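Below is one structure, written out as structure tokens; the observations come after it.
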Protein chains: 2
Amino acid sequence: MDNRSVLTRELRHHYLFAALDAKQRTRLLGHIHTRPFAAGELLFNQGDAARAFFLLQSGAVKLYRISAEGQEKVMRLIRPGQSFAESVMFMNEPRYPVHGQGIEGGSLVSIECEAFLAILRESFDTCRAVMAQMTRRIQAHWDEIELLTLQNSRYRVIHYLLGLVPDGQRGRVNVILPTRKGLIAAQLAVAPETFSRVLRALTDEGLIEVQDEVVDVYDTEVLRLHIR
Amino acid sequence: MDNRSVLTRELRHHYLFAALDAKQRTRLLGHIHTRPFAAGELLFNQGDAARAFFLLQSGAVKLYRISAEGQEKVMRLIRPGQSFAESVMFMNEPRYPVHGQGIEGGSLVSIECEAFLAILRESFDTCRAVMAQMTRRIQAHWDEIELLTLQNSRYRVIHYLLGLVPDGQRGRVNVILPTRKGLIAAQLAVAPETFSRVLRALTDEGLIEVQDEVVDVYDTEVLRLHIR
DNA sequence: GCGGCACCTTGATATGCATCAAGCTTGCAA
DNA sequence: TTGCAAGCTTGATGCATATCAAGGTGCCGC
């Protein structure tokens with residue numbers, strides 16, 4: 001398969017696989033499957049038994065939960081190059097803790113847990129990479145919980161916009177919203193209407209300009225100060 | 001030191017140390033320090049450089065963050081036998097991601113990160129235990145985020161009370177609130193007044209009875225259904 | 001025993017955000 | 001071209017929860 005060499009190249013650049021030697025990588029290839037998926041396609045349900053975790057090659061995926069009343073909270077948006085559900089590897093009875101659904105069609109790599117655990121056993125560097133990654137995720141969760149409990153919707157939106165600004169850039173920056181506004185609202189745990197209203201308020205205050213999915217931030221530092 | 005044998009016994013029962021052999025445990029003892037702390041004593045500040053993580057022997061500790069307006073969110077309450085801040089081990093520039101403060105005086109074991117990392121390098125079982133633990137923490141965070149965004153204060157309080165019921169018990173159960181009500185409220189991200197009012201409402205509805213820190217749950221299953 | 005403090009409770013009021021409802025735009029299909 | 005559905009915006013209303021304020025209780029030090 002020609003597919004293999006492409007896959008190999010991609011894996012090399014991912015933290016989970018970077019520390020593997022050629023032999024390990026080859027061995028792993030036998031336990032990896034690539035498959036396409038469509039926008040709207042359900043990849044797995046919360047509670048489904050899990051035998052694999054994933055690496056997104058292209059497209060976009062949302063991880064989310066649903067409340068009893070049918071309200072949806074987007075827990076995480078996955079973009080190409082990101083892996084997700086690694087944590088099922090370490091569960092006694094592995095089940096996906098969220099729903100996963102494609103929002104833009106693309107291609108997904110699934111890695112069998114057992115196979116990867118075998119690799120982990122022989123590579124402390126990879127173990128360490130996994131632990132470091134989990135630490136980052138835990139950090140992100142602390143931050144999100146703080147954001148949800150200690151900050152209002154205006155703060156959350158501003159924080160989100162500033163989070164989209166590429167590292168190191170400041171001053172006037174154009175940012176592109178990565179998906180439709182309704183999903184971003186769900187991620188920030190606000191109603192779509194509220195998200196819309198906050199953007200409007202920021203526009204009226206002369207801080208930003210919104211043109212569909214393009215947000216023109218007039219000045220990152222000024223915006224940062226306009227959290228009330 | 002006699003202290004040592006006590007410590008050794010305690011470590012054996014903790015997931016982080018259970019898989020270690022005698023030699024490793026002995027080696028680690030040289031990099032472990034026990035120290036007392038008082039109620040109200042600040043153990044570390046968010047952002048402090050970190051060289052160690054902790055295991056609580058006795059007393060109680062709260063991990064929390066403070067908003068710009070001085071509002072406090074309790075991220076986690078630590079009870080004897082629990083470890084915390086393990087994740088600083090895997091950071092590039094280790095800093096505590098939260099404040100830590102004693103709420104009841106007690107005794108704290110600090111374990112030097114470097115020393116424990118050396119152990120991890122030679123024990124995959126311990127690696128795996130750490131990863132499993134981090135997975136559980138991540139799970140708990142998903143759950144908490146869901147709770148905060150998808151559920152109202154009444155649900156959160158009921159969920160919290162039911163979480164205090166010992167495993168397997170059902171029907172009429174007495175639960176003991178682990179700390180003062182104000183802190184529990186902060187953990188649930190509600191105002192102390194709201195927490196008080198929810199308990200009152202549940203009492204008025206004939207579901208529970210509250211006597212200081214003792215909550216008499218008349219029927220766990222009935223309470224579970226009374227989430228509105 | 002008394003004063004003061006910490007914590008909790010209760011009531012009144014304020015407010016941020018969700019919800020409901022309607023209109024607008026865009027894209028796509030018939 | 002028309003029609004319809006999806007997504008976004010905007011306005012009106014309602015509700016849950018925070019905030020403010022006051023009083024109650026128990027504890028500790030003096």
Side-chain angles (χ1 to χ4, degrees), chain A residues 39-40 60 62 66-74 101 103-104 147-160 176-204 208-215 227-228, chain B residues 38-40 60 62 67-74 101-105 147-160 176-204 208-215 227-228:
Chain A
K62 70 173 173 185
I66 299 279
S67 76
E69 293 82 38
Q71 216 187 130
E72 170 180 314
K73 168 71 172 79
V74 175
Q101 187 182 25
I103 50 180
E104 293 167 24
L147 217 53
L148 290 170
T149 57
L150 258 26
Q151 310 295 352
N152 60 20
S153 64
R154 181 189 170 95
Y155 185 104
R156 300 217 289 279
V157 172
I158 292 180
H159 180 92
Y160 180 79
I176 312 288
L177 301 181
T179 181
R180 40 182 250 258
K181 294 175 181 170
L183 281 183
I184 296 174
Q187 218 183 339
L188 299 177
V190 298
E193 295 93 329
T194 301
F195 185 66
S196 177
R197 277 187 256 263
V198 172
L199 288 183
R200 166 124 295 271
L202 295 176
T203 303
D204 290 348
I208 64 171
E209 201 179 306
V210 182
Q211 183 70 248
D212 296 326
E213 77 278 8
V214 181
V215 180
I227 291 160
R228 78 154 92 69
Chain B
K62 70 173 173 187
S67 76
E69 294 82 39
Q71 217 187 129
E72 171 180 312
K73 170 68 172 78
V74 176
Q101 186 182 24
I103 50 181
E104 292 168 24
L147 218 52
L148 291 171
T149 57
L150 260 25
Q151 310 295 353
N152 60 20
S153 64
R154 181 187 169 98
Y155 185 104
R156 300 218 288 279
V157 171
I158 291 180
H159 180 93
Y160 180 80
I176 312 287
L177 302 180
T179 181
R180 40 180 250 258
K181 293 175 182 169
L183 281 184
I184 295 174
Q187 220 184 336
L188 299 177
V190 298
E193 293 95 330
T194 301
F195 184 66
S196 178
R197 277 187 255 263
V198 172
L199 288 184
R200 165 124 296 270
L202 296 177
T203 304
D204 291 348
I208 63 171
E209 201 179 305
V210 183
Q211 184 69 249
D212 295 327
E213 76 278 8
V214 181
V215 179
I227 290 163
R228 81 153 83 70

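Chain letters run A, B, ... following the sequence lines, proteins first and then strands; every chain starts at 1. Being a predicted model, the structure only gives us computed values, none of them experimental.
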Any side-chain heavy atom of Glu72(A) sitting closer than 4.5 Å to one from Leu183(A)?
yes

Run the numbers on Tyr155(B) and Leu150(B) for side chain to side chain contact (heavy atoms under 4.5 Å, CB included), then give the verdict.
CA-CA 10 Å; Tyr155(B) 185 104; Leu150(B) 260 25; over 6 Å; no

Taking every heavy atom of Ala185(B) against every heavy atom of Pro192(B), the minimum-distance pair comes out as CB-CA, 3.8 Å

Would you say Ile66(A) and Gln71(A) make side-chain contact, with heavy atoms under 4.5 Å?
no

Boundaries of the DNA chain C segment in contact with chain B, non-hydrogen, under 4.0 Å
dC7(C) to dA12(C)

Determine, stepwise, if the pair Lys181(B) / Ser196(B) fulfils side chain to side chain contact (heavy atoms under 4.5 Å, CB included).
CA-CA 8 Å; Lys181(B) 293 175 182 169; Ser196(B) 178; over 6 Å; no

Length of the line joining Lys181(A):NZ and dA6(D):C1', which is rounded to integer Å
14 Å

Donor-acceptor pair, distance only, cut-off 3.5 Å: does the side chain of Lys73(A) make one with the backbone of Gln187(A)?
yes

Without decimals, in angstroms, what is the distance between Ile184(A) CD1 and dT9(D) C1'?
16 Å

Given pairs defined as Watson-Crick or G-U wobble with both distances under 3.5 Å, what dot-bracket annotation applies to DNA chain C, with ( ) intrastrand, [ ] crossing, | other strand and . unpaired?
||||||||||||||||||||||||||||||

When you measure from the side chain of Glu104(A) to the backbone of Ala60(A), do you find a donor-acceptor pair of N or O atoms at a distance under 3.5 Å?
no

Tell me, for nucleotides 14-30 of chain D in 5' to 3' order, what letter each nucleotide earns: B for a base near a protein heavy atom under 4.0 Å, S for only sugar-phosphate near one, - for neither?
---SSBB----------

Ile184(B) side chain near Leu188(B) side chain, heavy-atom distance below 4.5 Å:
yes

Taking the side chain as every heavy atom from C-beta outward, state whether Val190(B) and Arg154(B) have any pair of such atoms under 4.5 Å apart.
no

Is any side-chain heavy atom of Arg156(B) closer than 4.5 Å to a side-chain heavy atom of Leu148(B)?
yes

